[in-house]
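The block underneath contains the structure these notes are about, expressed in structure tokens.
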Amino acid sequence: MSNVVVVESPAKAKTINKYLGSGYRVLASFGHVRDLPPKDGSVRPDEDFAMSWQVEGRGEARLKEIAKAVMESDRLILATDPDREGEAISWHLTEELKRRKALEGVTVERVVFNEVTKSAVLDAMRHPRQLDRELVEAYLARRALDYLVGFTLSPVLWRKLPGSRSAGRVQSVALRLICQREAEIEAFRAREFWSVEGKFRTAAGQIFPARLTELDGRKLDKFDLGDEAAAKDAERKVAAATYAVHKVDRKRARRNPFPPFTTSTLQQEASRKLYFGAAKTMQLAQRLYEGVDIGGETVGLITYMRTDGVQMAAEAIAGAREVIAEDFGKAYVPEAPRLYKTKAKNAQEAHEAIRPTNLARRPDDVARYLDKDQLRLYELIWKRTLASQMASAELDQVAVDIVSADQTITFRATGSVVVFDGFMKVYREDKDDSDDEDAEKLLPDVTERDAMKRQDVRTEQHFTQPPPRFSEASLVKRMEELGIGRPSTYASILTVLQDRQYVRLDSRRFIPEDRGRLVTAFLESFFGRYVEYNFTADLENQLDDISGGRVDWKAVLEGFWKDFSGAVDDTKDLRVAQVLDALDELLGPHFFPDDGTGHDPRTCPTCSAGRLSLKLGKFGAFIGCSAYPECRFTRPLTTGADGEDEVRDGPKELGNDPVSGMMVTLRKGPYGHYVQLGDESTMPAIEPPPAPAKGKKAKAAKAPKPKRVSLYRGLEPGALTLEVACALLALPRELGTHPETKKSISAGVGRFGPYIVHDGVYKSLTKGDDVLTIGMNRAMELLSQAKGRAGSGPLKTIGEHDGKPVTLHEGRYGPYVSRDGIHATLPKDSVPDAVTLAEAVALIVAKAAKGPAKPVRGRKAAAPKAAASKDKAEAAPKKAPAKKKPAATKPAAKKAPAKAKKAAE
């Protein structure tokens, strides 16, 4: 082989290989072959921002294959995607192949094409170039910035705000957008207003509605009819009058088509029309771009899908005009081609808009080659592109004023009629949260002074509405307007925010979790500059300037790092109490909203003496009473605004337990709802401890605690009955005896949900299982699926955190989770199979914060193998150890923490 071509994906490689023929070998790199190691020191500001790169796993396997092929060839052609990230992949490949001495005597060339079609690929091969150093430097600057922010700011969050996941340069700003919108919604106060609508009949008997706009000779503002009394008074006046048409306004309006898709507008419209998330949209677009087998020929169906440009190639415009004329007639073809210019802030105009590679390839022609979702997205892109080159739509807009005989009352009716549909025949863009009431209405043909007979008058109450929560579409649109992020990053930003449980999607709207609000409040309080929208957008501008060769990339990094590292240093002496005070003040209106009764929302509902405030626990923040430990009232960080929290102001009594006679209550703590049997006041009397021996302190008596059981997922607090609560409190319950081991099988609820247990082996219940009713047959079936015991390696990989696997193990002293050499034992009542990634990471972070384990007091640290001998003192630790030289004890001390850690497992 004389020519080796490298692209990112195997699908793209397969397509291009068919175009180039036998003289070329096309290989896939599977994206980046190396990256910054996820550890401190990968970017070193003190060494002129030197960066270390690491090849791992799949990247190593791909590099070996590529290096071997290149050393047997004369030319290496880098054909990765035509953007900054594609340029970076090619640069990484080149640098790593140089390091491995695989490029000696090999010509290296770079080619780019905007669509995976035979003509585009062959044309690109005829016009090779060298790597664009400025694009590479823009990538290096962006990667270094993201690394420095993440690996510098995240540890600050972990230390000062337990329960936090991480922070990112752009994701934190996007999170702030969502949190600020939620704060606006909470601060919103609805205002009442009324409207009056009349129905009128023409002389020809046609009836149409009109809205009251003037009363008593004065134009009505939105809140002039502020209550029912004012509305009814207006209704009375309206009913007593007679009416005629005073004025008819007619005008012809034109609506122009929208430009073809960019990455952000595609994500927005796919969300609105197809209900696709941003990540799914990009995955589907990637497949359409890389190539689909159409009747034996593999061809890319759309152009490159990461772009902020709206321009189209001249041949594509010509092709669109031909299809329009053929399918809809010459009337739908405008006199001149439409040329679009990008209006988005910081647009790079790097490549064309997203369009079909051949508009003559209609959706019906490719339907049998695509799956359902691919076809829907292709049809959306095809219609939008075609519509962008079609004639404008024409509408007749009509406004009719109907006035009372004394000229003091005016009603107005509006409507529009499509005279020529133009591009609207193919495509209409959806809107987010549109409150436009001027929907197309056909009004009767009336003229001035025509008498109007009033048929009916109706008053209607309204309330102002808060700003809507962001959908994926509206959030992407807002980020683009502010210049935050870039088209290729939007999908990953939204995914990261959800994966880290900072936000959740509910009815396709983003709602910030309290963890996300805490992180945002922390960053606003102590790193305010770095979550400002203008600062983030200005940084994006500088990155664009680097790619344009207008500024040095290291100068940008130096300017950023100088201020940012100083801000981080300022927080080193920051105490957790100071953080809590700042967050408590900033988030007070959210967690303690004023209900308008004059009652202090911070008054403890249990003791009435303490004051509620923000507290921090092992797994994050919660609301607690200042009178702790005398008062143990707690609740999660929630406002209960949706009416779903029945116990926000204290325990809810369900009734008396038929066995003990004690009250059963529903409560809510830092980790969710639970039921409790009795309380501290109903617990049995505490027997005083025996008198202490002479010279020793007396032990304090420990008060017994009421029994508590958490409500597991699927058991709604609002539907909880006394019978179910008592059944929960009776857990664990024995199901029977295992037929082989003769040991009992029982069911219960632990910190991580319902489970069954047999001989120390736990198995989580599935969605269809009920811990209160599960029987032996089902239990045996579940136990047969349970993992093995200790010594068999990881039971499973729970997930990845910062690029490192988090695994579940069965140790000598019970189950534990592990990441990068840090082991954390699971709580006794936890169900190993039910542990989530977030819970595992929280345990590991807490373990790491404690530092390495200390040797057990009185136990001798293990000596290294070299120091081991036949000395009988090693076999008899109870005897006084022989005097040894210091050199022999130092290695042993180094071994102690490792052995202690092993013992902790």
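Side chains included, hydrogens not; waters and symmetry mates left out as well; all remaining heavy atoms used.
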* Distance under 6.0 Å and angle within 45° of the ring axis: does Arg478 meet both against Tyr533? -> no

* NZ/NE/NH1/NH2 to OD/OE distance under 4.0 Å, Arg254 and Glu394 -> yes

* Structure fact -> Between the CG atom in Leu543 and the CG atom in Asp538, the distance rounded to the nearest 0.5 Å is 11.0 Å

* For Phe223, what residues pass the ring pair (Phe, Tyr, Trp, His ring centres under 6.0 Å) criterion, not counting sequence neighbours? -> Phe193

* Asked: Among Arg362, Lys425, Lys383, whose salt bridge (charged side-chain N to carboxylate O under 4.0 Å, His left out) with Asp327 holds?
  -> Arg362

* Asked: Taking only residues two or more places apart in sequence, or in another chain, which ones meet Asp373 in a salt bridge (charged side-chain N to carboxylate O under 4.0 Å, His left out)?
  -> Lys280, Arg376

* How would you list, by chain and number, every residue that makes a side chain to side chain donor-acceptor pair (under 3.5 Å) with Gln461, sequence neighbours excluded? -> Glu192

* To do: Enter the distance from Ile16:CD1 to Ile77:CD1 here, rounded to the nearest 0.5 Å.
  => 10.5 Å

* Asked: Is there a salt bridge (charged side-chain N to carboxylate O under 4.0 Å, His left out) between Arg504 and Glu182 once you walk through the steps?
  -> CA-CA 13 Å; Arg504 71 179 188 275; Glu182 196 70 18; over 6 Å; no

* Arg509 to Ser474 - nearest heavy-atom pair and separation -> NH1-OG, 4.4 Å

* To do: Apply ring pair (Phe, Tyr, Trp, His ring centres under 6.0 Å) to Tyr490 and list each qualifying residue two or more places apart in sequence or on a separate chain.
  => none

* To do: Mark yes or no for whether Glu197, through its side chain, and Pro209, through its backbone, hold a donor-acceptor pair below 3.5 Å.
  => no

* So, Arg469 side chain and Ile185 main chain: donor-acceptor pair closer than 3.5 Å or not? -> no

* Measure across Glu115 and Ala120 and return the closest heavy-atom pair with its distance rounded to 0.1 Å. => O-CB, 3.4 Å

* Taking atom types as modelled, is there a side-chain donor on Arg384 or Tyr427 under 3.5 Å from an acceptor on the other? -> yes

* **With sequence neighbours excluded, residues passing side chain to side chain donor-acceptor pair (under 3.5 Å) with Asn358** => none

* To do: Enter the distance from Met312:CE to Ser388:OG here, rounded to the nearest 0.5 Å.
  => 5.0 Å

* Minimum heavy-atom distance between Leu377 and Thr281, given as atom pair plus value -> CD2-O, 3.7 Å

* **Closest heavy-atom pair and its distance - Pro334, Gln389** => CD-O, 3.0 Å

* Ion pair Asp445/Arg250, N-O distance below 4.0 Å -> yes

* Expected output: side-chain Thr385 to main-chain Pro260 donor-acceptor under 3.5 Å -> no

* **side chain to side chain contact (heavy atoms under 4.5 Å, CB included) partner of Leu215, chosen from Asp224, Leu220, Thr410** => Leu220

* Atom CD1 of Ile354 and atom OG1 of Thr263: how far apart are they, to the nearest 0.5 Å? -> 4.5 Å

* List in chain and number order the residues that pass side chain to side chain donor-acceptor pair (under 3.5 Å) with Glu448, two or more places apart in sequence or in another chain; answer none if no residue qualifies. => none

* To do: Return the minimal non-hydrogen interatomic distance between Asn114 and Glu352, and the atom names on each side.
  => ND2-CB, 3.3 Å

* For Arg126, what residues pass the salt bridge (charged side-chain N to carboxylate O under 4.0 Å, His left out) criterion, not counting sequence neighbours? -> Asp123

* With Phe200 via ring pair (Phe, Tyr, Trp, His ring centres under 6.0 Å) - residues at least two apart -> Tyr243, Phe411

* Structure fact -> CD (Gln180) and CZ (Phe470) are apart, to the nearest 0.5 Å, by 9.0 Å

* Structure fact -> Lys18 meets the side chain to side chain donor-acceptor pair (under 3.5 Å) criterion, sequence neighbours left out, with Thr298

* Structure fact -> Nearest heavy-atom approach of Ser195 to His462 is OG-NE2, 2.7 Å

* Asked: With distance as the sole criterion, is a donor-acceptor pair present between the side chains of Gln268 and Arg272 under 3.5 Å?
  -> yes

* Heavy-atom donor-acceptor pair, Tyr304 side chain to Asp83 backbone, under 3.5 Å -> no

* Structure fact -> Phe420 meets the ring pair (Phe, Tyr, Trp, His ring centres under 6.0 Å) criterion, sequence neighbours left out, with Tyr332

* Structure fact -> By salt bridge (charged side-chain N to carboxylate O under 4.0 Å, His left out), Glu460 pairs with (sequence neighbours left out) Arg458

* **Test salt bridge (charged side-chain N to carboxylate O under 4.0 Å, His left out) applied to Arg412 - qualifying residues, sequence neighbours left out** => Asp401

* Taking NZ, NE, NH1 and NH2 as the nitrogens, is one of them in Arg142 or Glu540 under 4.0 Å from a carboxylate oxygen of the other? -> yes

* Should Lys12 and Asp81 count as an ion pair when the cut-off is N to O under 4.0 Å? -> yes

* Could you tell me whether the side chain of Arg181 and the main chain of Pro468 form a donor-acceptor pair under 3.5 Å? => yes

